[in-house]
Amino acid sequence: MSAVAPARPDPDPAFAALKARVIARTGHHYYADKDDLLWERLHKRIRACGLADGAGYLALLDRSEAEWTALEAEITIGETFFFRYAEQFAALRETILPERIAARACERRLRIWSAGCSTGAETYSVAILLRDLLGERLPDWRISLTGTDINHAVLAAARRAEYGAWAMRTLPAQERARYFREARPGVFALRPEFRSLARFEAQNLMSLLDGTASLSLTDYDLILCRNVLIYFHADVVQAVVRALAARLRPGGWLLLGHAEPNPAFAAFLHPVSLPGTAAYRRLDDEAAAPPEPPVAWEPLPLPEAPVPVPPRPAPPVRLPAARPLPAPAPSPEPASPLAALRALADAGDLDGGWDACREALRAAPTDPRLRFYEGLLARARGRPEEAERAFRGALYLDKGFVMAHYHLGLTLIAAGRTEAGRRALVNALRLADGLPGGTVLPEGDGLTAGLLRDTARPLLDAAAP
């Protein structure tokens, strides 16, 4: 019988070398102070390969690009769903894409890059916006919409364009029916008119720094690199953003995640203040003067689940020797039960998310947020009665929980109980009307009170007797 690799990194003398190789290749400084988490993922691959320890696995990585691909898939965790962070997609719909369409009207050409695209929800969300904005003009335009990621498994899923209900949890039933068709029970396929606009390829952002990136990665009207940079070392972040800026065409936009703006980027990009959105434009172009924003930008909270980083099958990239990685900080507190169950659900493990939610509720049965996610998971698993019971439980604990009212309304309307659903939506609207329009709603994934009002009123009209 072969030896079993140790369950923790401390006894394995090869762990430090493995960790350094992973960070150098992927840029994933996220793991610099998360030894237990990284070892858990390494240990899984070591066992899958039938090896006894880290030294044997390190030797395997030296000779197997296929194993690197498998490991990169293991260590990147992709939270993805359609129209994630409503304020950013409002900025795309109302400001960024209309400006680019107007600026490129003569050439009728747009180039867009979604970096760190995971299973493609962000990329396809942009495709949906483009089709809506261009309408009948779309056949006259040349659209290059590319999603890239380091994880080959999520790229394969993106190309299939099939999603569970959890990835569409923010979409009302009418929009889901417009964009998707049910391929089989609980699985929805994106309709061809949206799917055909996007393509996907493997790419590592680190390749921008060593000259091995594809020459086609240039002249972009829009680059989305949201919630990727937070996993890189600070030195690498600065260099990557500079490289992304160099790949924008005059007037082009760069859209980052809420937690990723940095005043240092102003040295080579022009920050643009849009509601709830970290946006930048080319500094060297007069057309990049920022539009007058409706309200000043306010940072939104750090997302709870990591987003993957894009790939390249090439020799390892080494961080500058003159600026070594800092010593690991003390290990942070374990992830909250809420974050853990969301991470499971966002990775597509609805059963695991459900089990984690039920376990968390046994420990904290009066937490309205857990009841709310119990409702979302029940609905995603095709259990509308359980979803209704959970949303009502959340509202019993917190009568002002706007998103619980809203999702209760969607659940009831989808079940054919239109009048009860309308009452729940009216309650959500009444609460939202009492808040400033820019107020970010708890557990709304970036949805503001103003955007909820804009979304819920058409639903009320559609459900009217």
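For clarity, every value in this text was computed on a predicted model and none was experimentally measured.
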(request) Check for a donor-acceptor pair, side chain of Gln88 on one end and backbone N or O of Leu256 on the other, with a separation under 3.5 Å. (result) yes

Nearest heavy-atom contact between Thr411 and Ala387 is CG2-CB, 4.2 Å

For Trp253 and Ile223, run side chain to side chain contact (heavy atoms under 4.5 Å, CB included): C-alpha distance rounded to whole Å, both residues' side-chain angles, the deciding distance at 0.1 Å, then the answer. CA-CA 6 Å; Trp253 294 75; Ile223 298 175; over 6 Å; no

Rounded to the nearest 0.5 Å, the OG1 atom of Thr123 sits from the CD1 atom of Ile112 at a distance of 10.0 Å

inquiry  = Between Glu122 and Ser114, is the side-chain hydrogen bond (donor to acceptor under 3.5 Å, both in side chains) condition met? List the steps.
reply    = CA-CA 7 Å; Glu122 174 185 87; Ser114 169; 2.5 Å; yes

Leu145 vs Trp113 side-chain heavy atoms within contact, under 4.5 Å = no

(message) Is there a side-chain contact between Phe391 and Arg371 in this structure, where contact means two heavy atoms from C-beta onward sitting under 4.5 Å apart?
(response) no

Taking every heavy atom of Ile128 against every heavy atom of Leu190, the minimum-distance pair comes out as CD1-CD1, 4.4 Å

### Query
Going by an N to O cut-off under 4.0 Å, is there a salt bridge joining Arg199 and Glu201?
yes

Sequence neighbours excluded, the answer for side chain to side chain donor-acceptor pair (under 3.5 Å) partners of Asp140 is none

Notebook entry, point to check: Should Leu208 and Leu244 count as side-chain neighbours, where that means a heavy-atom distance under 4.5 Å?
Noted result: yes

When rounded to the nearest 0.5 Å, the distance separating CG of Leu138 from CG of Leu197 is 5.5 Å

Margin query: Taking the side chain as everything from C-beta on, heavy atoms only, tell me whether Phe200 gets closer than 4.5 Å to Val154.
Written below: no

CZ (Arg247) and CZ (Arg242) are apart, to the nearest 0.5 Å, by 12.5 Å

Shortest non-hydrogen pair, Glu443 vs Phe401, comes out as CG-CZ, 3.9 Å

Item checked: Check: Leu60 main-chain N/O paired with Ser64 side-chain donor or acceptor under 3.5 Å -> no

Correct closest heavy-atom pair for Glu162 and Ala183 would be OE2-CB, 4.1 Å

* Mark yes or no for whether Tyr124, through its side chain, and Ala158, through its backbone, hold a donor-acceptor pair below 3.5 Å. => yes

- Arg142 side chain vs Arg109 backbone, donor-acceptor pair below 3.5 Å: no

On a heavy-atom basis, the closest approach of Leu377 and Gly353 is CD1-O, 3.7 Å

Determine whether Arg100 and Arg249 satisfy the following criterion, side chain to side chain contact (heavy atoms under 4.5 Å, CB included), listing intermediate values before the conclusion. CA-CA 11 Å; Arg100 285 290 82 200; Arg249 65 174 287 106; 4.0 Å; yes

In short, Tyr406 meets Pro172 closest at the heavy-atom pair OH-CG, 3.9 Å

Q. With a 4.0 Å cut-off, would you call Glu374 and Arg358 a salt bridge?
A. yes

**Message:** Heavy-atom count check: over 12 atoms from other residues, nucleotides or ligands less than 6.0 Å from Glu359 CD?
**Reply:** no

For Phe180 together with Phe82, are the ring centres under 6.0 Å from each other? yes

Rounding to 0.5 Å, atoms CG (Asp62) and OH (Tyr57) come to a distance of 11.5 Å

Within the 6.0 Å centroid threshold, strictly below: His407 and Phe372: yes

So CG of Asp219 and CG of Leu248: to nearest 0.5 Å the spacing works out to 9.5 Å

- request: Take Arg226 and Leu255 through the test side chain to side chain contact (heavy atoms under 4.5 Å, CB included) and record every step on the way to the result.
  value: CA-CA 7 Å; Arg226 304 191 306 158; Leu255 192 59; 4.2 Å; yes

Open item on the list: Quick one, Leu92 and Leu224 - any side-chain contact, counting heavy atoms below 4.5 Å?
Closed with: yes

Could you tell me whether a side-chain N or O of Arg191 sits under 3.5 Å from a main-chain N or O of Arg178, the two making a donor and an acceptor?
yes

Requested in this report: Evaluate the side-chain proximity of Cys49 to Glu67: yes if any heavy-atom separation is below 4.5 Å, no if none is.
Outcome: yes

Less than 4.5 Å apart, side chain to side chain, heavy atoms only: is that true for Val241 and Phe268? yes

Worksheet entry | NZ or CZ of Arg383 within 45° of Trp354 ring axis and under 6.0 Å | yes

Ring centers of Phe89, Phe83 separated by less than 6.0 Å: yes

The reported gap from CG in Leu155 to OG in Ser118 (rounded to nearest 0.5 angstrom) is 8.5 Å

Check step by step if side chain to side chain contact (heavy atoms under 4.5 Å, CB included) holds for Thr119 and Tyr163. CA-CA 9 Å; Thr119 55; Tyr163 300 90; 4.0 Å; yes

Between the side chains of Asp221 and Arg111, is the shortest nitrogen-to-carboxylate-oxygen separation below 4.0 Å, so that they form an ion pair?
no

Check: Does Met206 reach the side chain of Val236, with side-chain heavy atoms less than 4.5 Å apart?
Finding: yes

Across all chains, not counting sequence neighbours, the side chain to side chain donor-acceptor pair (under 3.5 Å) partners of Arg159 are none

